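Scroll down for the structure; my scribbles are underneath it.
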Protein chains: 2
Amino acid sequence: MNSTTKPVTRSQQKQQDIVRAAEQVFIECGYRGASVDAIAERAQVSKRTIYNHFNNKESLFQHITNLLIEEVVRSSSVVYDREQPLDKQLFDILSGAWDALTSQKLIELVRVITSEYMLNPAMSRETMERITKGEEGMNIWLKAAIADKRLKPVDVEFAATMLRGMVHEYGHHPMLFFGMPAPSKKEKQHTLTEIVAVFLGRYQAGSE
Amino acid sequence: MNSTTKPVTRSQQKQQDIVRAAEQVFIECGYRGASVDAIAERAQVSKRTIYNHFNNKESLFQHITNLLIEEVVRSSSVVYDREQPLDKQLFDILSGAWDALTSQKLIELVRVITSEYMLNPAMSRETMERITKGEEGMNIWLKAAIADKRLKPVDVEFAATMLRGMVHEYGHHPMLFFGMPAPSKKEKQHTLTEIVAVFLGRYQAGSE
DNA sequence: AATCAAGTACACCGCGCAGTTTACATATTT
DNA sequence: AAATATGTAAACTGCGCGGTGTACTTGATT
């Protein structure tokens, strides 16, 4: 998934060990339940070393959160294409989002992050903004499709929310909240096809 | 919201005090962050008394969870009506769900419950089942509409999920995850109208 | 008035944790 | 080889929590 960065100095190597171990321990125990001692042991590193790299437990957690967001944002760029049929484009976009959202590692990290942030609005505010900003891609695509007169002039925020709600409810929340396995390729295919049809059925220019 | 039950004995009164105080402290501190001492103080009750009513912190938490579920389930019964237009019926059903989901107290409790359960699958399994069972109402209504030949013969589970995804994304998640205020009446009206139109546009019998 | 369940105050136990200190060891750089 | 930066081990400081035991008081029931 991530962590394909290359450590060169010993210090960087240690830091990577710490981050990887911390991800695991946070996933297993949650933010509050994770002890710095446990992370140190898992990383095969002295506890003092952790505090040399990070001011405290929270900043280590924030660091991990930032890595995750960065990666998700990087993987979700979308470009409107005047040549392609609308339904195919929308399907592909949703398909990309679906794949990202059903990654096991992402699910596990989102679980612990969400769990902590729900109780800790102060800690989450800034991060949440960065996330919604990362979802900007869909809005841009919708605007382009409207400008190209292939979509009715809907409120793009409203429309994006609708799509996100459906994709999440089928492809993300069952894993996140209920620990269900990722849907099969067939289920994904069928689900996204229906979502696209439902959405374009009302919002494609010239429909009904 | 709830708690309109009447204590008669002193013991029942104390128990109610404990439960109400616990709800508040759990909301403020989360499950793990809430100390039994804090609950005792808030309830104006000896800590020992709490342990006379509940075996441990977890069972107190479960008790609160159960009360919440019970109430939500009670408030969400739905009956299919052959006389009423489909869109009106669906709107009314979603409207009821919307109102329940945007109640401030429910939001606050769901936040702390979800937060803990995401980290604690063992603790959540049974509860989660009870919740999904509580959502059975929509499935029944959909089945009836299909039997009445007013809806295409869709997979009711699939259709219910779609509706739930949209309603939650507009009317529940912004409050739950981002601490946003409840949407206005106007927003609710507009949102639900669109959801109904999008849904029936594809699934009403005889459409397109 | 007597009885008995229920509540209370409070000390106590054991535990685990975030974060620090110190004295020492190991790499890396020059 | 010397100097410097980084890592290590282990003990230590506070602190707060879940849960228990006990001796005592309060309130309801008969």
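Every chain is numbered from 1 and lettered A, B, ... according to where its sequence line falls, protein lines coming before strand lines. Since the structure is predicted, the reported quantities are computational estimates derived from the model, not experimental observations.
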Integer-rounded Å distance: [N] [atom2] and [X] [atom1]:
| X | N | atom1 | atom2 | result |
| --- | --- | --- | --- | --- |
| A:N55 | C:dG19 | CG | C1' | 12 Å |
| A:N52 | D:dA9 | CG | C1' | 14 Å |
| B:F54 | C:dG7 | CZ | P | 11 Å |
| A:I50 | D:dT8 | CD1 | P | 10 Å |
| A:L60 | C:dC17 | CG | P | 16 Å |
| A:Q13 | D:dG7 | CD | C1' | 13 Å |
| B:Q12 | D:dA28 | CD | C1' | 14 Å |
| A:I39 | C:dC17 | CD1 | P | 11 Å |

Looking only at side chains, do [X] and [Y] share a donor and an acceptor under 3.5 Å apart?
| X | Y | value |
| --- | --- | --- |
| B:Q44 | B:D17 | no |
| B:E194 | B:Y170 | no |
| B:T132 | B:E135 | no |
| A:R20 | A:Q16 | yes |
| B:Q12 | B:T9 | yes |
| A:E187 | A:S184 | yes |

* Asked: Quick one: bend of the helix from C:dA1-D:dT30 to C:dT30-D:dA1 from 5 pairs per end, to 10°?
  ->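 The value is 20°.
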Out of [options], which nucleotide sits closest to the side chain of [X]?
| X | options | result |
| --- | --- | --- |
| A:K14 | D:dT6, C:dG19, D:dT8 | D:dT8 |
| B:N56 | C:dG7, D:dG19, D:dC17 | D:dG19 |
| A:D37 | D:dG18, C:dA18, C:dT8 | C:dA18 |

* Residues from residues 40-47 of chain A sitting under 4.0 Å of DNA chain C, heavy atoms only? ->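 By residue number: A:K47.
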* To do: Could you check B:Y51 against A:T49 and say which one's nearest nucleotide on DNA chain D is further toward the 5' end?
  =>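 Here A:T49 is the residue nearer the 5' end.
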Are [X] and [Y] close enough for a salt bridge, meaning some N to O gap below 4.0 Å?
| X | Y | result |
| --- | --- | --- |
| A:R130 | A:E70 | no |
| B:E28 | B:R42 | yes |
| B:K47 | B:E41 | no |
| A:E129 | A:K133 | no |

* Can you label the angle between the B:F26 ring and the B:F61 ring as parallel, tilted or perpendicular, going by 30° and 60°? =>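 It falls in the perpendicular class, over 60°.
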* Hey, what's the ring geometry for A:F177 with B:F177, parallel, tilted or perpendicular (30° and 60° as the breaks)? ->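 Because their plane-to-plane angle is under 30°, the rings of A:F177 and B:F177 count as parallel.
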* For D:dG7, does either OP1 or OP2 sit under 4.0 Å from a side-chain N or O belonging to A:H53? ->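 Affirmative; the distance criterion is met.
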* Asked: How does protein reach along nucleotides 22-30 of chain C, written 5' to 3' as B (base within reach of a heavy atom under 4.0 Å), S (only sugar-phosphate), or - (no contact)?
  -> -----SS--
